[in-house]
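This report refers to the structure that appears directly beneath it.
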Number of protein chains: 2
Amino acid sequence: MPATIEPSESTMADKPATALTEVEDRFISLWGDISALWGVNRSVGRIHALLFLSRQPLDMETITERLQISHGNCSTSIRDLLAWNSIRRVHGPGERRVLYESEQDPWTWFHACIRERRRREVVPVIDQLHEISDHAKTTADVADAKRSADAKDLKQAHERIARFTKFMDEFKDLIDAFLAVGAGPMGKALRMAAKVLPKGK
Amino acid sequence: MPATIEPSESTMADKPATALTEVEDRFISLWGDISALWGVNRSVGRIHALLFLSRQPLDMETITERLQISHGNCSTSIRDLLAWNSIRRVHGPGERRVLYESEQDPWTWFHACIRERRRREVVPVIDQLHEISDHAKTTADVADAKRSADAKDLKQAHERIARFTKFMDEFKDLIDAFLAVGAGPMGKALRMAAKVLPKGK
DNA sequence: CGGTATTGTCAGTAAAGACTGACATTACTG
DNA sequence: CAGTAATGTCAGTCTTTACTGACAATACCG
């Protein structure tokens with residue numbers, strides 16, 4: 001795990017490193033590392049962290065200067081964050097600049113991430129698994145009818161793929177249960193309960 | 001999401017594409033894609049998928065030929081899979097070759113993955129968050145004592161970082177609850193319950 | 001204990017992914 | 001509705017990560 005504690009991300013620029021920026025930078029840097037670890041682009045994570053800490057919505061220019069990234073990078077990353085419902089546009093009415101702010105409650109944010117990952121990744125994968133499983137079944141049946149030598153292997157391959165497909169279906173159910181409970185008071189109760197339960201290993 | 005349905009991964013080699021290999025390849029390819037999406041190397045995922053489907057433990061040579069990867073790549077990927085407790089060594093006694101097999105129950109496997117991610121990623125991140133949070137608190141207090149102009153900002157930054165740290169602590173509790181329940185009959189009950197609960201969104 | 005089959009390592013290279021900055025497009029302003 | 005300030009796009013470049021294959025180390029065998 002990187003997260004080397006460099007003097008400060010912002011000291012690289014000409015701007016002075018205040019106590020505030022130094023504190024912020026450590027958090028931003030860590031968040032960037034975590035993001036990378038989970039398949040999310042580092043810039044995306046850093047911008048998100050910055051907006052999470054910021055007391056007011058920020059515009060793109062402020063972000064690019066603060067994080068020392070190009071405005072193209074910033075624009076793309078912000079598009080991603082919007083698509084993940086991690087940040088919101090804020091229009092001052094009749095303002096030219098567009099401002100962005102992040103959700104302030106981490107559980108609400110996490111909830112949105114899970115919902116999005118479910119939609120983009122889990123559901124399509126399950127669809128494909130069912131397709132593959134069906135195809136395996138058909139192939140196995142054909143081989144069986146023909147008394148092919150590999151009929152038995154095909155049957156077993158189908159059995160294993162079906163088993164995994166079932167797992168993913170159940171996994172989705174688990175996600176759904178989590179989302180149903182989510183960030184509200186019920187979720188709070190669940191999390192309280194988690195603290196009391198016997199700890200795993 | 002890629003997973004282009006190419007004729008067959010194995011037809012690239014000289015070996016013929018049987019009905020079996022074709023079925024296997026689709027599963028292996030999909031699993032490779034999923035792995036990449038979650039920050040796991042594609043080769044690692046493909047080997048895991050192959051071992052999951054295989055009726056008997058396989059040696060490295062078989063794997064490299066089947067997946068058309070170099071033996072160096074295979075060796076490294078297997079080391080990873082072992083470290084993640086996703087596969088096991090199987091020694092035929094007094095055998096020169098080392099064989100590998102994967103866990104057959106997907107929930108047991110998933111359980112092991114979560115435990116490992118908890119250990120490697122979640123816990124270290126939480127430790128760092130606490131450090132950063134403490135540092136922010138100290139900095140804020142110092143600024144406050146000096147009546148610095150940015151004392152208020154520092155206090156707020158600390159408040160946000162602390163909020164996020166609390167979230168991660170609760171998140172770990174949730175993981176612990178899951179691990180405690182895990183793959184046994186209790187876990188089964190939980191997953192059944194999940195099916196009945198009102199669906200999220 | 002030398003010979004050989006197998007696995008481990010890692011420097012170099014290939015592939016994938018991220019970032020920049022010039023140009024295009026959009027949206028307010030006078 | 002021309003002028004300008006801002007955001008969006010994307011080809012080219014840079015950075016990171018993954019993969020290969022030659023060499024090294026290990027483990028069984030006679």
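Letters go in sequence order (proteins before strands), and every chain restarts at 1. Everything numeric here is computed off the predicted structure, so don't read it as measured data.
In the helix from dC1(C)-dG30(D) to dG30(C)-dC1(D), the rotation axis of the first five pairs and that of the last five pairs differ in direction by 20°, rounded to 10 degrees.
Between the side chains of Gln104(A) and Arg160(B), a donor-acceptor pair is found at a separation under 3.5 Å. A donor atom on one side chain and an acceptor atom on the other are found under 3.5 Å apart for Ser77(B) and Asn73(B).
Using a 4.0 Å cut-off between charged nitrogen and carboxylate oxygen, Arg55(B) and Asp153(A) count as a salt-bridge pair. Here Asp144(A) does not pair with Lys152(A) in a salt bridge; the nearest charged N to carboxylate O distance is not below 4.0 Å. Between Arg118(B) and Asp176(B) there is a salt bridge, since a side-chain N of the basic residue sits under 4.0 Å from a carboxylate O of the acidic one.
Under 4.0 angstrom from either OP1 or OP2 of dC19(D) there lies at least one side-chain N or O belonging to Ser43(B).
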> Nucleotide by nucleotide, 5' to 3', does protein get under 4.0 Å of the base (B), only the sugar-phosphate (S), or neither (-) in nucleotides 5-16 of chain D, counting heavy atoms?
Replying inline: BSBBB-------
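Distance alone, capped at 3.5 Å, is enough to place a donor-acceptor pair between the His111(A) side chain and the Leu179(A) backbone.
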> Under the ring-ring contact (aromatic ring centres under 6.0 Å, His included) criterion, do Phe164(A) and Trp31(B) qualify, and how do the steps go?
Replying inline: CA-CA 11 Å; Phe164(A) 194 82; Trp31(B) 197 240; 4.6 Å; yes
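Glu95(B) places its CD atom 16 Å from the C1' atom of dT26(D), with the value rounded to the nearest Å. Atom CD of Glu65(B) is separated from atom C1' of dT6(C) by 14 Å (rounded to the nearest Å). Atom P of nucleotide dA18(C) and atom CG of Asp33(A) are separated by 15 Å, given to the nearest angstrom.
Below 30°, between 30° and 60°, or above 60°: for His48(B) and Trp109(B) the angle between ring planes is between 30° and 60°, a tilted geometry. Between Phe110(A) and Phe171(B), the angle of the ring planes goes over 60°, which puts this pair in the perpendicular group of the 30/60° scheme. Taking the six-membered ring where tryptophan is involved, the planes of Trp38(B) and Trp38(A) are perpendicular, since the angle between them exceeds 60° and thus also 30°.
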Please write out the pairs of protein N or O atoms and N or O atoms of nucleotides 12-17 of chain C separated by less than 3.5 Å, giving the distance to one decimal.
none

